[in-house]
Asker: 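Attaching a single structure in structure tokens format; questions to follow.
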Amino acid sequence: MKLAKCVLFAAFGLGSTLVVSLASADETKEIRIATEGTYPPFSYLDKGKLTGFDVDIANAMCERMKVKCDIVSQEWDGMIPGLIAGKYDAIVASMNITEERKKKIDFSNKYYATPARFITVKDAGIADITAADLAGKSIGVQVSTTQSNYLEENYKQSEIKQYKTVDDAAMDLANGRIDAVFSDAALLYVWMKTKDGACCAFVGGDVINEKYFGVGKGVGVRQGDTALREQFSKAIAELRADGTYEKINLKYFPFSIY
């Protein structure tokens, strides 16, 4: 006789609210998903409500999976520890699928892939982005990211300034406090379309390096949660096939980010 699968109960700092999470993806009635909430246009607060590309994609995947999803905000540097600790069941937060991260958590297939790039103010006089070109320059980057790791290992002659968010780094660039910012190209593209970002422009080309940036952004789940991982991958494929993905993509970007 097969033993019934255990039901795990966890309460996560929401007063008396109890979140119920079942052991199998096929049986899951509610999935708690973490996103950052400070990473526009991928995830941000609009009138106190989480929104953005990641949030829309997460909701669309949940609809395909026929499950109820509770999307919560989590600071970036605590994202993976929170998943491992069981604070939530999945991460949909523009997280690069890398070999280093796969030592700790599992990933779905990618749901988008964009390169990293540098931006500077338009009259900075920086012609290229080699380590020699940026030697002695200050470069802003979000802490605990693949971009941060890349800079720390490859731009040792530059001053690497770590920021809690990319927006914080970008505003320091706009105000002349640093020389460049390094981040996701799609994110920087959208920021440069704002009033504050009009000061700045891309410099150099796409930075693509699988060692640091992996093969794209995926949904993170706990290691061994194979059924849930496969459910997310199946949902991504369905969204791509029926045109839903393209509609969400074009809501935020005038070009494909897949």
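Please read these numbers as outputs of a predicted model, since none were measured by experiment.
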Asker: Would you kindly check if the NZ (Lys) or CZ (Arg) of Lys251 is within the cone defined by 45 degrees around the ring axis of Phe53 and under 6.0 Å from the six-membered ring centre?
Answerer: no

Asker: Look at the side chain of Asn175 and the backbone N and O of Arg177, then say whether any donor-acceptor pair between them is shorter than 3.5 Å.
Answerer: no

Asker: Tell me, do Glu30 and Cys69 make a side-chain contact under 4.5 Å, heavy atoms counted?
Answerer: no

Asker: Do any N or O atoms from the side chain of Lys122 and from the backbone of Ala198 form a donor-acceptor pair under 3.5 angstrom?
Answerer: yes

Asker: Just to verify, what does Asp242 make a salt bridge (charged side-chain N to carboxylate O under 4.0 Å, His left out) with, not counting sequence neighbours?
Answerer: Arg64

Asker: Take Asp46 and Thr51, measure what side chain to side chain donor-acceptor pair (under 3.5 Å) needs, and give me the verdict at the end.
Answerer: CA-CA 7 Å; Asp46 183 13; Thr51 189; 5.7 Å; no

Asker: When rounded to the nearest 0.5 angstrom, what distance separates OG in Ser94 from CZ in Phe42?
Answerer: 5.0 Å

Asker: Distance-only, no hydrogens or angles: does the Asp225 side chain make a donor-acceptor pair with backbone N or O of Val221 under 3.5 Å?
Answerer: no

Asker: Is there a donor-acceptor pair closer than 3.5 Å between any side-chain N or O of Gln147 and the backbone N or O of Tyr212?
Answerer: no

Asker: As an exercise, state the distance from CG of Leu173 to SG of Cys200, rounded to the nearest 0.5 Å.
Answerer: 4.0 Å

Asker: I'd like to know if Trp191 and Val121 are part of one continuous hydrophobic network [Ile/Leu/Val/Met/Phe/Trp/Tyr, side-chain heavy atoms within less than 4.5 Å].
Answerer: yes

Asker: Indicate the atoms forming the closest heavy-atom contact of Val203 with Ile126, along with that distance.
Answerer: CG2-O, 3.3 Å

Asker: Look at Lys164 together with Glu75 and state whether they make a salt bridge at an N to O cut-off of under 4.0 Å.
Answerer: yes

Asker: Test ring-ring contact (aromatic ring centres under 6.0 Å, His included) on Tyr150 and Phe213; report intermediate values, then the result.
Answerer: CA-CA 9 Å; Tyr150 179 82; Phe213 308 120; 5.4 Å; yes

Asker: Count I, L, V, M, F, W, Y as connected when their side-chain heavy atoms are under 4.5 Å apart, and connections chain through other members. Are Ile91 and Val143 then in the same cluster?
Answerer: no

Asker: Please indicate whether Glu238 has more than 12 foreign heavy atoms, meaning atoms of other residues, nucleotides or ligands, lying under 6.0 Å from its CD.
Answerer: yes

Asker: Shortest non-hydrogen contact from Ile178 to Ala169?
Answerer: CD1-O, 3.4 Å

Asker: Kindly indicate whether the side chain of Thr35, heavy atoms from C-beta on, has any atom under 4.5 Å from the side chain of Leu50.
Answerer: yes

Asker: Gly216 and Ala113: which non-hydrogen atoms are nearest, and at how many Å?
Answerer: CA-CB, 3.8 Å

Asker: Salt bridge or not between Lys103 and Glu100? Use side-chain N to carboxylate O under 4.0 Å.
Answerer: yes

Asker: Any chain of hydrophobic side-chain contacts (each under 4.5 Å) joining Leu151 to Leu187?
Answerer: no

Asker: Would you say the side chains of Asp172 and Tyr163 form a donor-acceptor pair under 3.5 Å?
Answerer: yes

Asker: Is any side-chain heavy atom of Trp76 closer than 4.5 Å to a side-chain heavy atom of Thr165?
Answerer: no

Asker: Using the side chain to side chain contact (heavy atoms under 4.5 Å, CB included) rule, pick out the option among Val92, Thr114, Ile257 that qualifies with Lys217.
Answerer: Thr114

Asker: Kindly determine whether Lys87 and Gln74 satisfy side chain to side chain donor-acceptor pair (under 3.5 Å), including the steps that lead there.
Answerer: CA-CA 10 Å; Lys87 288 178 64 179; Gln74 166 66 50; 3.0 Å; yes

Asker: Report the C-alpha distance between Ile33 and Ile31 in whole Å, list the side-chain angles of each, state the deciding distance to 0.1 Å, and finish with yes or no for side-chain contact (heavy atoms from CB on, under 4.5 Å).
Answerer: CA-CA 6 Å; Ile33 296 176; Ile31 297 174; 3.9 Å; yes

Asker: Would you say Asp54 and Ser43 are linked by a side-chain donor-acceptor pair, where the criterion is simply a distance under 3.5 Å?
Answerer: no

Asker: Examine Arg240 relative to Tyr258 and say whether NZ or CZ is less than 6.0 Å from the centre of the six-membered ring and inside a 45° cone about the ring axis.
Answerer: yes

Asker: How about Asn249 and Tyr112: does a side-chain donor come under 3.5 Å of a side-chain acceptor?
Answerer: no

Asker: What heavy-atom pair brings Ile97 and Asn109 nearest, and what distance separates the two atoms?
Answerer: CD1-C, 4.4 Å

Asker: If we ignore angles and hydrogens, is there a donor and acceptor under 3.5 Å between the side chains of Glu36 and Gln142?
Answerer: yes

Asker: Answer yes or no: are there more than 12 heavy-atom neighbours, outside Gln223 itself, under 6.0 Å from its atom CD?
Answerer: yes

Asker: Quick one: OG on Ser108 to CZ on Arg229, what's the gap to the nearest 0.5 Å?
Answerer: 9.0 Å

Asker: Looking at every heavy atom in both Gly204 and Asp128, which two are closest together, and how far apart are they?
Answerer: CA-OD1, 4.2 Å

Asker: With rounding to the nearest 0.5 Å, note down the distance linking OH in Tyr245 to OH in Tyr111.
Answerer: 8.5 Å

Asker: Does any non-hydrogen side-chain atom of Met65 lie less than 4.5 Å from one of Leu228?
Answerer: yes

Asker: One pair to check against side-chain contact (heavy atoms from CB on, under 4.5 Å): Val219 and Phe107. What are the steps and the verdict?
Answerer: CA-CA 5 Å; Val219 179; Phe107 285 95; over 6 Å; no

Asker: Would you indicate whether Lys110, at its atom NZ, is surrounded by more than 12 heavy atoms from other residues, nucleotides or ligands within a distance under 6.0 Å?
Answerer: yes

Asker: What are the two closest heavy atoms between Gly82 and Tyr88, and how far apart are they?
Answerer: CA-OH, 3.3 Å

Asker: Rounded to the nearest 0.5 Å, what separates atom NZ in Lys68 from atom SG in Cys62?
Answerer: 11.5 Å

Asker: Between Asn149 and Thr145, is there a side-chain heavy-atom distance shorter than 4.5 Å?
Answerer: no

Asker: Evaluate the criterion salt bridge (Lys or Arg N to Asp or Glu O under 4.0 Å) for residue pair Asp70 and Arg32; output intermediate values, then yes/no.
Answerer: CA-CA 5 Å; Asp70 179 22; Arg32 174 164 283 210; 2.8 Å; yes

Asker: Do other residues, nucleotides or ligands put more than 12 heavy atoms under 6.0 Å from the CD atom of Glu153?
Answerer: yes

Asker: Quick one: do Arg117 and Asp184 satisfy salt bridge (Lys or Arg N to Asp or Glu O under 4.0 Å)? Show the steps, please.
Answerer: CA-CA 6 Å; Arg117 290 198 71 175; Asp184 184 273; over 6 Å; no

Asker: May I ask you to test the Ile105-Arg222 pair for a side-chain heavy-atom distance under 4.5 Å?
Answerer: no

Asker: Given side-chain contact (heavy atoms from CB on, under 4.5 Å), test Lys161 with Ile139 step by step and report yes or no.
Answerer: CA-CA 6 Å; Lys161 297 193 68 174; Ile139 308 171; over 6 Å; no

Asker: For the residue pair Val207 and Pro115, establish whether any side-chain heavy-atom pair is separated by less than 4.5 Å.
Answerer: no

Asker: Assert yes or no for the condition that the ring centre distance of Phe202 to Phe118 is strictly below 6.0 Å.
Answerer: no

Asker: Output the distance between atom CG (Leu45) and atom NZ (Lys47), rounded to the nearest 0.5 Å.
Answerer: 13.5 Å

Asker: Checking side chain to side chain contact (heavy atoms under 4.5 Å, CB included) against Val141, which of Ile160, Val166, Val181 comes through?
Answerer: Ile160

Asker: Between Thr146 and Asn96, does any side-chain donor sit less than 3.5 Å from a side-chain acceptor?
Answerer: yes

Asker: Could you tell me if the ring centre of Tyr189 sits under 6.0 Å from that of Phe255?
Answerer: yes

Asker: Could you walk me through whether Ile80 and Met95 satisfy the side-chain contact (heavy atoms from CB on, under 4.5 Å) test, starting with their C-alpha distance in whole Å, then the side-chain angles of each, then the deciding distance to 0.1 Å, before giving a yes or no?
Answerer: CA-CA 10 Å; Ile80 289 177; Met95 183 170 282; 3.8 Å; yes

